[in-house]
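Lettering follows sequence order; numbering is per chain, from 1.
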Protein chains: 2
Amino acid sequence: MNKKDAGELSGVKEIARRAGVSAATVDRVIHKRKGVSNKTRDRINAIIAELNYQPNLHAQRLASRKVVHIATLVPESSDETSFWVGPLKGIEEAELEVMQYSVKVHKYFYNQNNKKSFVKQAKAILKARPDGVLLAPSFMEESVHFVEDCEAQGIPYVLMDSDIPGRSNLSYIGPDLYQSGLLAAHLSSYLLQEGDKVLIVNISKEIDNDHHLLRKEEGFRAYYKEHGREGIIIKRDIHQLDHASIEAGISRELQRNRSIRVIFVTNSRVSAVAAYVQRLPQKVILIGYDFLKENIDYLHDRTIDFLICQKPQQQAYKGVMALYQHIAFSAPLEKVHYMPIDIITKENFSSYEK
Amino acid sequence: MNKKDAGELSGVKEIARRAGVSAATVDRVIHKRKGVSNKTRDRINAIIAELNYQPNLHAQRLASRKVVHIATLVPESSDETSFWVGPLKGIEEAELEVMQYSVKVHKYFYNQNNKKSFVKQAKAILKARPDGVLLAPSFMEESVHFVEDCEAQGIPYVLMDSDIPGRSNLSYIGPDLYQSGLLAAHLSSYLLQEGDKVLIVNISKEIDNDHHLLRKEEGFRAYYKEHGREGIIIKRDIHQLDHASIEAGISRELQRNRSIRVIFVTNSRVSAVAAYVQRLPQKVILIGYDFLKENIDYLHDRTIDFLICQKPQQQAYKGVMALYQHIAFSAPLEKVHYMPIDIITKENFSSYEK
DNA sequence: AAAATTTACGGGCACGTGCCCGTAAATTTG
DNA sequence: CAAATTTACGGGCACGTGCCCGTAAATTTT
């Protein structure tokens with residue numbers, strides 16, 4: 001680690017020297033503040049372009065006396081699913097990393113089965129006027145509303161886990177749900193023998209509003225349609241989340257159709273299905289979603305064969321970081337950032353990075 | 001973005017105030033320099049612990065007048081495989097990110113088929129005395145030697161892509177090769193019907209020295225051994241890299257054994273196998289390694305069914321960054337950091353993050 | 001043409017840390 | 001016990017940027 005060759009100055013001072021002005025004037029040009037004659041401004045801008053000046057982020061952040069406020073709005077983790085523990089960890093990881101640099105993260109939570117709680121929290125955020133918002137939308141109509149309010153107030157926001165269909169021009173970090181369904185279909189296609197059937201299972205209180213499930217199912221069906229084998233798909237919607245209802249739904253389908261060999265559960269509730277499937281005499285292949293304790297347990301004893309996962313923790317982490325970079329350093333917000341689609345099996349789950 | 005509530009000081013100055021000394025003295029304690037009485041040192045250390053003081057990295061980096069030199073030693077990308085383009089990109093990505101902060105990355109390359117070139121480059125690095133080294137080892141004996149020299153000179157180093165078997169206590173970022181073979185076996189097990197066989201293909205000039213291939217094969221075999229089905233495995237080593245030799249090797253096995261249904265190629269040369277398999281009348285399932293243009297093309301037309309991949313670009317990026325963090329901020333070097341094992345198919349390759 | 005205002009710019013401090021240099025006080029040496 | 005040396009500490013500048021404040025010069029108003 002050698003000493004730096006000192007001597008020539010760099011950054012704003014170097015620009016100032018070349019332009020024959022003071023650093024303060026260069027600063028005014030960079031920040032587009034007034035108080036500089038057009039002539040000087042042009043001269044300085046030319047030099048900035050010529051040197052391809054990039055500000056030193058360390059110095060910038062150090063000198064800035066601003067506190068950045070970021071608000072996050074995600075579901076609280078419930079008994080029904082521990083999925084949201086992951087994103088929360090991601091948020092906290094990011095928080096820990098940036099908090100010593102004058103950034104505050106304000107965490108808001110809503111109940112996934114309760115629209116009102118979402119609206120209430122959204123209102124609270126708007127009142128607090130943060131510098132940026134990370135949102136995991138669940139209730140489509142209300143989410144659209146909230147996002148519009150943010151735009152009206154000029155608050156940048158990032159969506160995660162699920163986008164809002166039909167709306168472009170916003171920043172999204174999360175899975176490509178359609179591709180994810182396609183992939184599940186591709187995987188399952190290898191496992192089917194002549195005459196076998198596939199059962200798609202949607203488990204949600206509001207399936208019709210659940211963009212997540214619907215989009216995955218679309219992708220899944222699209223694959224078999226492309227291959228002219230739509231006929232082998234059977235589908236079952238289950239609107240109650242308790243184990244008894246789920247078991248009843250699945251067992252009915254299995255009795256009705258003996259040749260079901262693969263079950264594709266479109267979300268993380270796959271463990272509830274596994275609890276039933278485990279007790280069956282015949283082997284049924286189970287494909288589901290998300291790296292959760294309860295799912296991994298069934299993966300471990302091979303009741304669940306594949307889990308598809310999209311790094312929920314990293315999603316949230318990246319969401320917060322992207323916002324921070326955008327606000328603090330005016331870095332551009334990527335329009336869409338699809339997370340990789342990971343396939344987890346008994347063999348590789350131990351090295352899976354959340 | 002509000003103004004920060006000014007008033008109370010923070011960092012070193014706050015510690016100094018509480019201890020009733022100057023900031024310079026605190027600084028001496030932090031950096032373990034002499035010139036402080038034991039009494040004062042203890043008092044200051046207590047306060048540091050109490051406040052859980054973490055230095056401001058922005059200020060630290062800004063104030064430091066050191067230039068950090070990092071050397072990287074990886075294979076040059078050849079006609080035979082474009083694999084090393086990925087890691088190189090990762091290195092350059094990291095370089096771009098840190099170069100404005102007084103970090104210089106010096107890139108050295110060797111020819112994978114030429115031990116001497118490796119030794120020569122290694123020597124050149126030692127002579128340049130960098131602050132850290134990122135190494136992708138190929139020739140085991142020579143790599144061990146190089147690593148020992150680094151240790152002797154006190155230069156921290158990180159291995160990537162392949163570790164050195166039997167040596168612990170070094171930093172490694174890359175795949176868990178054994179697990180990777182296990183996973184391939186698990187995948188393949190779903191695709192086999194009664195009576196089918198699996199063909200393992202190793203393609204390398206120095207198979208016996210190639211830790212990569214051997215370790216993957218071990219994992220693969222272990223899976224079938226565990227399930228009492230070792231008998232279905234057939235193996236073929238191919239020592240020449242040209243297409244004709246590869247084709248000859250594969251076709252011989254296929255003729256000898258008509259029930260081969262799955263071919264597992266233990267490295268990125270799978271595309272050469274695909275070129276042959278594509279022309280066969282029957283469908284053979286192909287599993288191979290690495291996200292390369294030539295492999296993706298065959299994935300796209302479904303000649304290759306699965307590619308296993310371990311984010312080569314990210315490996316290199318993380319390697320450089322880990323070194324930088326370690327040297328510049330004396331962050332700890334993780335002993336082992338296994339990259340996730342990703343399964344790439346036609347459906348998900350477009351969202352794969354290298 | 002003098003006064004009031006606006007424009008255009010420079011000086012200088014602050015952010016938190018690293019580190020050189022100067023100097024009283026403590027200790028060792030003659 | 002004075003002189004030489006060592007120890008223990010404080011002062012202060014630098015890193016590159018942000019931004020407040022002061023002030024000549026240019027422009028407008030009376």
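Remark: D149(A) does not engage K123(A) in a salt bridge, criterion side-chain N to carboxylate O under 4.0 Å. With respect to K107(A) and E92(A), a salt bridge is recorded, a charged nitrogen being found less than 4.0 Å from a carboxylate O.
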The test is side chain to side chain donor-acceptor pair (under 3.5 Å); show your working for E151(B) and Y157(B) and say whether it passes. CA-CA 8 Å; E151(B) 268 172 26; Y157(B) 58 91; 2.6 Å; yes
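Taking atom CZ of residue R17(A) and atom P of nucleotide dG16(D), one finds them 14 Å apart after rounding to whole Å. Rounded to a whole Å, the NZ atom of K13(B) is 13 Å from the P atom of dG12(D). In this entry the distance linking CD1 of I44(A) with C1' of dA8(C) reads 11 Å, nearest Å. Rounded to a whole Å, the CD atom of Q54(A) is 15 Å from the P atom of dG16(D). Across the protein-nucleic acid pair, R61(A) atom CZ and dC19(D) atom P stand 11 Å apart, rounded to whole Å. Between the CD1 atom of I30(A) and the C1' atom of dC19(D) there is a distance of 13 Å, rounded to whole Å. The distance between atom CG of N38(A) and atom C1' of dT7(C), rounded to the nearest whole Å, is 12 Å. Rounded to whole Å, atom C1' of dC9(D) lies 17 Å from atom CD1 of I15(B).
For the OP1/OP2 pair of dC15(C) and a distance below 4.0 Å, the side-chain nitrogens and oxygens of S64(A) include no atom meeting the criterion. Contact annotation: Y53(A) reaches the phosphate of dT17(D) (side-chain N/O to OP1 or OP2, under 4.0 Å). Regarding contacts with the backbone of dG18(C), every side-chain N or O of K66(B) stays at 4.0 angstrom or more from both OP1 and OP2. Distances shown here put every side-chain N or O of K39(A) at or beyond 4.0 Å from the OP1 or OP2 atom of dA8(C). Distances shown here put a side-chain N or O of Q60(A) below 4.0 Å from the OP1 or OP2 atom of dG18(D).
The residue N56(B) sits close only to the backbone: its heavy atoms come under 4.0 Å of sugar-phosphate atoms, none of a base. When heavy atoms are screened at a 4.0 angstrom cut-off, H31(B) is found touching the sugar-phosphate backbone but no base atom. No engagement by Y101(A) is indicated, since no non-hydrogen atom pair under 4.0 Å with the nucleic acid exists.
Comparing K34(A) and L62(A) against DNA chain C, the residue whose closest nucleotide sits nearer the 5' end is K34(A). Nearest-nucleotide assignment on DNA chain C puts the 5′-proximal partner with R41(A), out of R41(A) and P55(B).
Distance alone, capped at 3.5 Å, places no donor-acceptor pair between the R28(A) side chain and the K34(A) backbone.
Distance from the side chain of T25(A) is smallest to dG10(C) among dC15(D), dT17(C), dG10(C). Out of dG11(C), dA8(C), dG11(D), the shortest distance to the side chain of S37(A) is found at dA8(C). Side-chain proximity of V12(A) to dG11(D), dT17(D), dT7(C): nearest is dT17(D). Of the candidate nucleotides dG16(D), dC9(D), dT17(C), dT17(C) has the atom nearest to the side chain of D27(B). Relative to the side chain of A59(A), the nucleotides dG18(C), dG16(D), dG18(D) differ in distance, and dG16(D) lies closest.
Y172(A) and H337(A) have their aromatic ring centers separated by at least 6.0 angstrom.
Judged by distance alone, with hydrogens and angles left aside, R28(A) brings a side-chain donor or acceptor within reach of the base of dG10(C), the pair sitting under 3.5 Å.
E14(A) and Y53(A) share no side-chain donor-acceptor pair at under 3.5 Å.
Summarising the base pairing, dT23(D) is matched to dA8(C) through a Watson-Crick or G-U wobble pair whose two defining distances lie under 3.5 Å. Pairing for dT29(D) goes to dA2(C), judged as Watson-Crick or G-U wobble with the two contacts each under 3.5 Å.
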